[in-house]
Amino acid sequence: MKEPPALTPEELIDDFEFMETKEERLKLIVELGRELPEFPDEFRLDEFKVQGCQSQVWLVPQIVEEGDTKRILFQADSDAHIVKGLVGILVMLLSGKTPQEILDFDLRGLFDRLKLEKHLVPARSNGLHSMVRRITEIATHAQ
C-alpha cells in the first residue's frame, strides 16, 4: 500500500487561513485530493465503500504491526473531486497513526477551526461525518 503524503493540522490550518475565499478553499481541498496515491481498482468494492456518502467513497485500511504497536494505513478515493479532497485530508492526517492516536485526534475541533462545514453543502457535510465515523469504527476495531 502506498502511503499518502503526511499532513499536520497546523499545515492544514495555515493553508486554509492563507486562502481568502470559499472558492480558494474548495480549490485547495480538490488539490489535496489530487495528492493521494493512485487507488488500485481491486479496492473499488462494496466492502470498502463508506456508507452515508452521496458520492462514492472507498476507504481501505491496512493494519501494520511493529512489535507491540499497531498502526493503521489508509488508502482512499472518491468519484467526486471535493469529496476526494475531504477523504484525502482525513487520510493524510490519520494514516500511519495508532488506533488510539486516531481516536484521540480532535477532528471536530479542527473542522470547527477551519470552518469547514461553512464551505460544504449539507450532503457533503453529512458525507464527511460518515467518513469520520467509518475511520473511528476501524480504529476502535483495531484496538
Measuring from [X]:[atom1] to [Y]:[atom2], what's the distance to the nearest 0.5 Å?
{"X": "L86", "Y": "S125", "atom1": "CG", "atom2": "OG", "answer": "9.0 Å"}
{"X": "F105", "Y": "T136", "atom1": "CZ", "atom2": "OG1", "answer": "11.5 Å"}
{"X": "Q143", "Y": "I63", "atom1": "CD", "atom2": "CD1", "answer": "10.0 Å"}
{"X": "I138", "Y": "Q62", "atom1": "CD1", "atom2": "CD", "answer": "12.5 Å"}
{"X": "I82", "Y": "L32", "atom1": "CD1", "atom2": "CG", "answer": "12.5 Å"}
{"X": "I89", "Y": "L114", "atom1": "CD1", "atom2": "CG", "answer": "7.5 Å"}

### Side-chain donor-acceptor pair present, R133, S130, cut-off under 3.5 Å
yes
### Query
Does a donor on one side chain and an acceptor on the other come within less than 3.5 Å for H129 and E117?
yes
### Task
Give the minimum heavy-atom separation between H119 and F16, together with the two atoms involved.
CD2-CE2, 4.2 Å
### Task
Indicate the atoms forming the closest heavy-atom contact of M92 with P5, along with that distance.
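Distance-wise, the nearest heavy atoms are CG-O, 3.1 Å.
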Can you find a pair of side-chain heavy atoms, one from [X] and one from [Y], that are under 4.5 Å apart?
{"X": "F48", "Y": "F43", "value": "yes"}
{"X": "L93", "Y": "P9", "value": "yes"}
{"X": "F74", "Y": "L90", "value": "no"}
{"X": "L45", "Y": "V60", "value": "no"}
{"X": "C53", "Y": "M131", "value": "yes"}
{"X": "D79", "Y": "K84", "value": "no"}

### Task
Applying side chain to side chain contact (heavy atoms under 4.5 Å, CB included), run through K22 and L26 and close with a yes or a no.
CA-CA 6 Å; K22 175 182 176 179; L26 290 174; 4.1 Å; yes
### Task
Determine, step by step, whether F111 and K118 satisfy the side chain to side chain contact (heavy atoms under 4.5 Å, CB included) criterion, reporting the C-alpha distance in whole Å, the side-chain angles of both residues, the deciding distance to 0.1 Å, and the verdict.
CA-CA 10 Å; F111 295 160; K118 191 171 133 180; over 6 Å; no
For atom [atom1] of [X], is the number of surrounding heavy atoms from other residues, nucleotides or ligands below 6.0 Å larger than 12?
{"X": "E66", "atom1": "CD", "result": "yes"}
{"X": "Q54", "atom1": "CD", "result": "no"}
{"X": "R113", "atom1": "CZ", "result": "no"}
{"X": "E38", "atom1": "CD", "result": "no"}
{"X": "K49", "atom1": "NZ", "result": "yes"}
{"X": "H81", "atom1": "NE2", "result": "no"}

same_hphob_cluster([X], [Y]) at 4.5 Å side-chain heavy-atom cutoff:
{"X": "V132", "Y": "L110", "answer": "yes"}
{"X": "I13", "Y": "I29", "answer": "yes"}
{"X": "W58", "Y": "V83", "answer": "no"}
{"X": "L103", "Y": "L107", "answer": "no"}

## Note on the structure
The single option from L94, I102, I135 that satisfies side chain to side chain contact (heavy atoms under 4.5 Å, CB included) with I72 is I102
### Query
Is the backbone of M19 close enough, under 3.5 Å, to the side chain of R25 for a donor and an acceptor to pair up by distance?
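Indeed, once roles are kept as given, a pair shorter than 3.5 Å links the two residues.
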### Query
Is the backbone of T98 close enough, under 3.5 Å, to the side chain of K70 for a donor and an acceptor to pair up by distance?
no
### Message
Assess the residue pair L59 and V91 against the criterion (side chain to side chain contact (heavy atoms under 4.5 Å, CB included)); give the C-alpha distance rounded to whole Å, side-chain angles, the decisive distance to 0.1 Å, and a yes or no.
### Response
CA-CA 9 Å; L59 182 68; V91 165; 4.0 Å; yes
### Query
Does the distance from a Lys or Arg side-chain N to an Asp or Glu carboxylate O, for E65 and R71, drop under 4.0 Å?
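Looking at E65 and R71, the cut-off is not met.
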#### Entry: K27 with E24: basic N within carboxylate O range, under 4.0 Å
no
### CA sep, side-chain torsions, deciding dist, call: E137, R134, salt bridge (charged side-chain N to carboxylate O under 4.0 Å, His left out)
CA-CA 5 Å; E137 289 169 0; R134 181 68 188 124; 3.2 Å; yes
#### Entry: Worked check of side chain to side chain contact (heavy atoms under 4.5 Å, CB included) between L116 and L128
CA-CA 10 Å; L116 194 55; L128 179 61; 3.8 Å; yes
